[in-house]
Amino acid sequence: VGSKIPTVHLKKYDGSPFDLNAAVSQKPTVLIFYRGGWCPYCNEHLSKLQEIESDLLKIGYQIIAISVDRFENLSQTISKQQLNYVLLSDNQAQVTRAFGLAYKVSDETFDMLKGHGLDLEEASGQQHHILPVPAAFLVGTDGVIKFSYVNPNYKLRVDADLLLAAAEAEAK
């Protein structure tokens, strides 16, 4: 909290470039980092955010969510979860690293996930085996982080109602 977000560029679901800093300068932003569309905990969290999106829009916020999924995989997540907000691809994990959220999955975990049909290399199109620690930030139009929730336990996410309350408090 109090830090300015780094200057970063990502890709939208169609492969077109997306300037995060330009988007944030337009509206206060709920910025989410999630592991990928293959993660059931992430999908549940994305759905909960969809439930509060209209409330966030009323107070002037936008939601932007970032994963290390290839941009080609984003459409499936948007469609499956019926999301209206922006999903972005950071498949090379540059933005995840810039935010200090990157961690490398152990070989054992990689093999375990693959045994369950979850191929991180296929999902990202890369062999880096990096995932983001799931995180939620409220970012002002000045690019300064006003609220953060980061938890290395991927099963625990910020409650949507708490995030909405924090956004409402910041909007006053």
Side-chain angles (χ1 to χ4, degrees), residues 5-27 29-51 53 56 62-137 139 143 145 148-158 160 163:
I5 65 169
T7 301
V8 294
H9 295 74
L10 300 123
K11 289 187 180 173
K12 296 192 308 190
Y13 70 92
D14 60 2
S16 62
F18 187 92
D19 182 334
L20 180 63
N21 303 82
V24 165
S25 73
Q26 301 298 308
K27 283 185 170 187
T29 303
V30 173
L31 184 61
I32 303 295
F33 282 84
Y34 69 104
R35 295 170 0 130
W38 51 267
C39 171
Y41 298 97
C42 295
N43 288 327
E44 181 180 345
H45 190 229
L46 294 175
S47 292
K48 297 275 187 197
L49 293 171
Q50 182 66 42
E51 292 174 14
E53 183 186 29
L56 288 166
Q62 65 183 331
I63 301 173
I64 297 176
I66 300 169
S67 76
V68 293
D69 281 349
R70 295 180 298 137
F71 73 84
E72 298 92 342
N73 291 348
L74 298 177
S75 292
Q76 293 172 335
T77 303
I78 292 168
S79 175
K80 185 169 107 180
Q81 300 302 320
Q82 301 178 342
L83 303 176
N84 298 319
Y85 53 85
V86 177
L87 298 188
L88 299 171
S89 172
D90 176 33
N91 73 314
Q92 295 179 7
Q94 293 172 336
V95 176
T96 300
R97 286 182 183 111
F99 273 82
L101 299 170
Y103 73 94
K104 186 174 171 122
V105 173
S106 69
D107 291 341
E108 296 81 21
T109 301
F110 176 80
D111 292 340
M112 184 267 305
L113 289 170
K114 198 160 187 176
H116 290 293
L118 304 171
D119 187 341
L120 296 180
E121 290 179 0
E122 192 285 320
S124 69
Q126 304 291 320
Q127 295 180 343
H128 53 53
H129 301 183
I130 291 175
L131 291 176
V133 172
F137 301 101
V139 183
I145 296 171
S148 74
Y149 179 91
V150 180
N151 193 328
N153 182 343
Y154 66 89
K155 295 178 182 180
L156 300 176
R157 308 300 169 95
V158 65
L163 193 56

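From a predicted model like this one, the values you see are computed outputs, not experimental measurements.
At distances below 3.5 Å, not a single donor-acceptor pair connects side-chain atoms of Thr109 with backbone N or O atoms of Val105. Checked by atom type and distance alone, the side chain of Asn91 pairs as donor or acceptor with a backbone atom of Ser124 at under 3.5 Å. In this structure, Gln62 contributes its side chain and Ala23 its backbone to a donor-acceptor pair below 3.5 Å. A distance-only check finds a donor-acceptor pair linking the side chain of Asp90 to the backbone of Gln94 [under 3.5 Å]. Without hydrogens or angle criteria, Asn21 side chain to Pro6 main chain gives a donor-acceptor distance under 3.5 Å. Side-chain atoms of Asp19 do not come within 3.5 Å of backbone N or O of His9 as any donor-acceptor pair. Although no hydrogens or angles enter the test, the distance criterion places no donor-acceptor pair under 3.5 Å between the side chain of Ser106 and the main chain of Lys104.
The closest side-chain heavy-atom distance from Leu31 to Phe99 is below 4.5 Å. Residues Ile66 and Leu10 have side chains in contact (heavy-atom distance under 4.5 Å, counting atoms from C-beta outward). By the 4.5 Å heavy-atom criterion applied to side chains, Arg70 and Asn73 are counted as neighbours. The shortest distance between side-chain heavy atoms of Ile64 and Val30 does not fall below 4.5 Å. The side-chain heavy atoms of Leu74 and Lys12, taken from C-beta on, include no pair separated by under 4.5 Å. A 4.5 Å side-chain heavy-atom check between Tyr85 and Gln50 finds at least one atom pair inside the cut-off. Taking the side chain as every heavy atom from C-beta outward, Val68 and Thr96 approach each other to under 4.5 Å. Tyr154 has its side chain within reach of Arg35: a pair of non-hydrogen atoms, C-beta onward, lies under 4.5 Å apart.
The structure places CG of Leu87 at 6.5 Å from CG of Leu46, a figure rounded to the nearest 0.5 Å. For the atom pair Cys42 SG and Gln81 CD, the distance stands at 10.0 Å (nearest 0.5 Å). Here NZ of Lys11 is found 12.0 Å from CG of Leu88. Values are rounded to the nearest 0.5 Å. One distance of note links NZ of Lys114 with CG of Asp107; it measures 12.0 Å at 0.5 Å rounding. Between Leu101 atom CG and Ile130 atom CD1 the span is 12.0 Å, to the nearest 0.5 Å. The CG atom of Leu118 lies 10.5 Å from the CZ atom of Phe110; values are rounded to the nearest 0.5 Å.
When all heavy atoms of Arg97 and Gln92 are compared, the pair lying nearest together is NH1-O, 3.0 Å. Of all non-hydrogen atoms in Val133 and Phe33, the two that sit nearest each other are O-CB, 4.2 Å. Minimum heavy-atom separation, Asn43 to Gly37: ND2-O, 2.8 Å.
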- Please step through side-chain contact (heavy atoms from CB on, under 4.5 Å) for the pair Val86 and Phe18, ending with a clear verdict. CA-CA 10 Å; Val86 177; Phe18 187 92; 4.3 Å; yes

- Given side-chain hydrogen bond (donor to acceptor under 3.5 Å, both in side chains), test His129 with Glu121 step by step and report yes or no. CA-CA 7 Å; His129 301 183; Glu121 290 179 0; 2.6 Å; yes

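Each of Val158, Leu56, Ile32, Leu83 was checked for a side-chain contact (heavy atoms from CB on, under 4.5 Å) with Leu49, and the lone residue meeting it is Ile32.
Note: Tyr149 and Phe137 fail the aromatic proximity criterion, with ring centroids not under 6.0 Å apart. In this structure, the ring of Phe71 has its center no less than 6.0 angstrom from the ring center of Tyr13.
Under 3.5 Å, the side chains of Ser89 and Asp69 contain no donor-acceptor pair of N or O atoms.
The pair Arg157-Glu44 does not count as a salt bridge, with every side-chain nitrogen at least 4.0 angstrom from each carboxylate oxygen.
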